[in-house]
Amino acid sequence: PHLEYYQEILKKLNILDPKEVMMVGNDVDEDMVSSKLGFETYLVTDCMLSRYGLEKNVENKGTSSDFLVYIKENLPWNSLSTKLKVRLVL
């Protein structure tokens, strides 16, 4: 896991506060390391990868269906005063 990768993404997207970002992934070791920079994380347990068994340190986790429920319940979709930007980094 390379934190520099996530730092580069923040820089390219001009995001100054990592707390504005949620990393959603299925790899405990490669994706969830982003939490060390302050990213909120969500581990998708469908086809989960975990080489070192560090799943217990994950902030949020569930199936892909659980994630859809999570974002519907936790993101301010109906708030007119909040601008929500969704960015996909491939």
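What you see below is based on every heavy atom in this structure, not just the backbone, and it leaves out hydrogens, waters and symmetry mates. This one's a predicted model, so the numbers in the text were calculated from it and none came from an experiment.
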Quiz item: Between Lys11 and Glu4, is the closest basic N to carboxylate O distance under 4.0 Å?
Solution: no
Quiz item: Tell me, do Val44 and Val24 make a side-chain contact under 4.5 Å, heavy atoms counted?
Solution: yes
Exercise. Quick one: list whatever passes salt bridge (Lys or Arg N to Asp or Glu O under 4.0 Å) with Lys12, sequence neighbours left out.
Key: Glu8
Quiz item: Of all residues at least two apart in sequence or in a different chain, which pass the salt bridge (Lys or Arg N to Asp or Glu O under 4.0 Å) check with Asp46?
Solution: none
Quiz item: What's the spacing between Glu20 CD and Leu13 CG if we round to 0.5 Å?
Solution: 11.0 Å
Quiz item: About how many Å separate CG of Leu10 and OG of Ser34, when rounded to the nearest 0.5 Å?
Solution: 9.5 Å
Quiz prompt | Atom of Leu3, atom of Leu37 and distance for their closest heavy-atom approach | solution = O-CD1, 3.7 Å
Quiz item: If Ile, Leu, Val, Met, Phe, Trp and Tyr residues are connected whenever their side-chain heavy atoms lie under 4.5 Å apart, and connections chain through other members, are Phe67 and Val69 in the same group?
Solution: no
Practice problem: Please assess Asn60 against Leu43 for the test side-chain contact (heavy atoms from CB on, under 4.5 Å), listing each intermediate value before the final yes or no. | Solution: CA-CA 6 Å; Asn60 303 293; Leu43 176 64; over 6 Å; no
Quiz item: Below 4.5 Å, heavy atoms only, C-beta onward: do Glu40 and Lys19 meet side chain to side chain?
Solution: no
Quiz item: Judged by atom type as modelled, is there a donor-acceptor pair below 3.5 Å linking the side chain of Asp29 to the main-chain atoms of Ser50?
Solution: no
Exercise. Write out all pairs satisfying ring pair (Phe, Tyr, Trp, His ring centres under 6.0 Å) with one or both partners inside residues 9-39, taking only residues at least two apart or from two chains.
Key: Tyr6-Phe39
Quiz item: Side chains of Tyr42 and Met22: closer than 4.5 Å at any heavy-atom pair?
Solution: yes
Quiz item: Do the side chains of Val21 and Tyr5 join up, straight or via other hydrophobic residues, at under 4.5 Å, putting them in one cluster?
Solution: yes
Quiz prompt | Main-chain N/O of Met32 paired to Thr41 side chain as donor or acceptor, under 3.5 Å | solution = no
Quiz prompt | SB check Asp66 Lys61 (cutoff 4.0 Å) | solution = no
Quiz item: Side-chain contact, heavy-atom cut-off 4.5 Å: Val28 with Met48?
Solution: yes
